[in-house]
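To keep things clear, I will list the structure first and then write my remarks on it.
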Amino acid sequence: MTPPEIYDLRGLNCPLPVLKARKRLAGMTVGEQLWLETTDPLAVIDIPAFCNESGHRLVSTEPMSEGHRFLVERGA
């Protein structure tokens with residue numbers, strides 16, 4: 001299995017990280033994973049809520065020096 005790609009969403013503010021993540025995940029197959037890297041401070045609220053509402057699984061959340069990264073698994 002190939003490692004998850006990194007989707008660089010740094011520098012984008014709400015709601016763009018979620019909107020771009022939604023579009024990118026829509027083009028993936030169920031079970032594929034994607035790292036989302038953000039600098040938007042609201043992403044720690046928005047990304048988990050997006051995953052919950054959209055049926056995706058938030059696998060991991062990690063702080064970065066200037067933001068956060070989220071490992072998201074594409075849901076059905």
Side-chain angles (χ1 to χ4, degrees):
M1 188 166 157
T2 59
E5 289 186 33
I6 297 172
Y7 193 24
D8 184 358
L9 300 168
R10 293 174 291 170
L12 301 176
N13 291 321
C14 183
L16 289 176
V18 168
L19 295 176
K20 288 184 171 283
R22 180 186 319 272
K23 186 173 182 178
R24 180 78 175 261
L25 286 161
M28 297 171 60
T29 60
V30 173
E32 277 189 277
Q33 295 183 343
L34 180 67
W35 280 108
L36 306 175
E37 292 189 348
T38 68
T39 52
D40 180 6
L42 293 177
V44 295
I45 297 168
D46 294 342
I47 298 294
F50 158 68
C51 290
N52 188 45
E53 293 168 2
S54 301
H56 303 307
R57 184 168 76 98
L58 181 59
V59 177
S60 175
T61 301
E62 299 176 3
M64 297 187 332
S65 62
E66 296 182 18
H68 286 84
R69 67 191 312 227
F70 306 89
L71 182 59
V72 177
E73 183 177 293
R74 169 75 157 91

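Scope of the values below: all heavy atoms of this structure, side chains included, with no hydrogens, waters or symmetry mates. In this chain, residues are counted from 1 in sequence order.
- For residues 46-68, every residue pair satisfying the salt bridge (Lys or Arg N to Asp or Glu O under 4.0 Å) rule, not counting sequence neighbours, is listed here: Arg57-Glu73, Glu62-Arg69.
- Linking ILVMFWY residues whenever their side-chain heavy atoms come closer than 4.5 Å, directly or via other members, places Leu71 and Ile6 in the same cluster.
- The only member of Asn52, Val72, Leu36 that meets side-chain contact (heavy atoms from CB on, under 4.5 Å) when paired with Leu58 is Val72.
- Taking CD of Glu5 as the start and CZ of Arg24 as the end, the distance is 5.0 Å to the nearest 0.5 Å.
- Every pair passing ring pair (Phe, Tyr, Trp, His ring centres under 6.0 Å) that includes a residue from residues 52-76 is listed here, sequence neighbours excluded: Phe50-His56.
- There is a path of hydrophobic side-chain contacts, each under 4.5 Å, that joins Trp35 to Val59.
- One finds the CD atom of Glu37 at 12.5 Å from the CG atom of Leu12 (value rounded to the nearest 0.5 Å).
- In this structure, Tyr7 is a member of the same hydrophobic cluster as Leu16, with clusters built from ILVMFWY side-chain heavy atoms closer than 4.5 Å.
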Using the side chain to side chain contact (heavy atoms under 4.5 Å, CB included) rule, take Val18 and Ile47 through it: C-alpha gap first, then chi angles, then the decisive distance, then the call. CA-CA 6 Å; Val18 168; Ile47 298 294; 4.0 Å; yes
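- Residue Cys14 comes nearest to Leu42 through the heavy atom pair CB-CD1, 4.3 Å, listed as atom of the first residue, atom of the second, then distance.
- Taking every heavy atom of both residues into account, Ala43 and Pro48 meet most closely at O-CD, 3.5 Å.
- A donor-acceptor contact shorter than 3.5 Å links the side chain of Arg74 to the backbone of Leu25.
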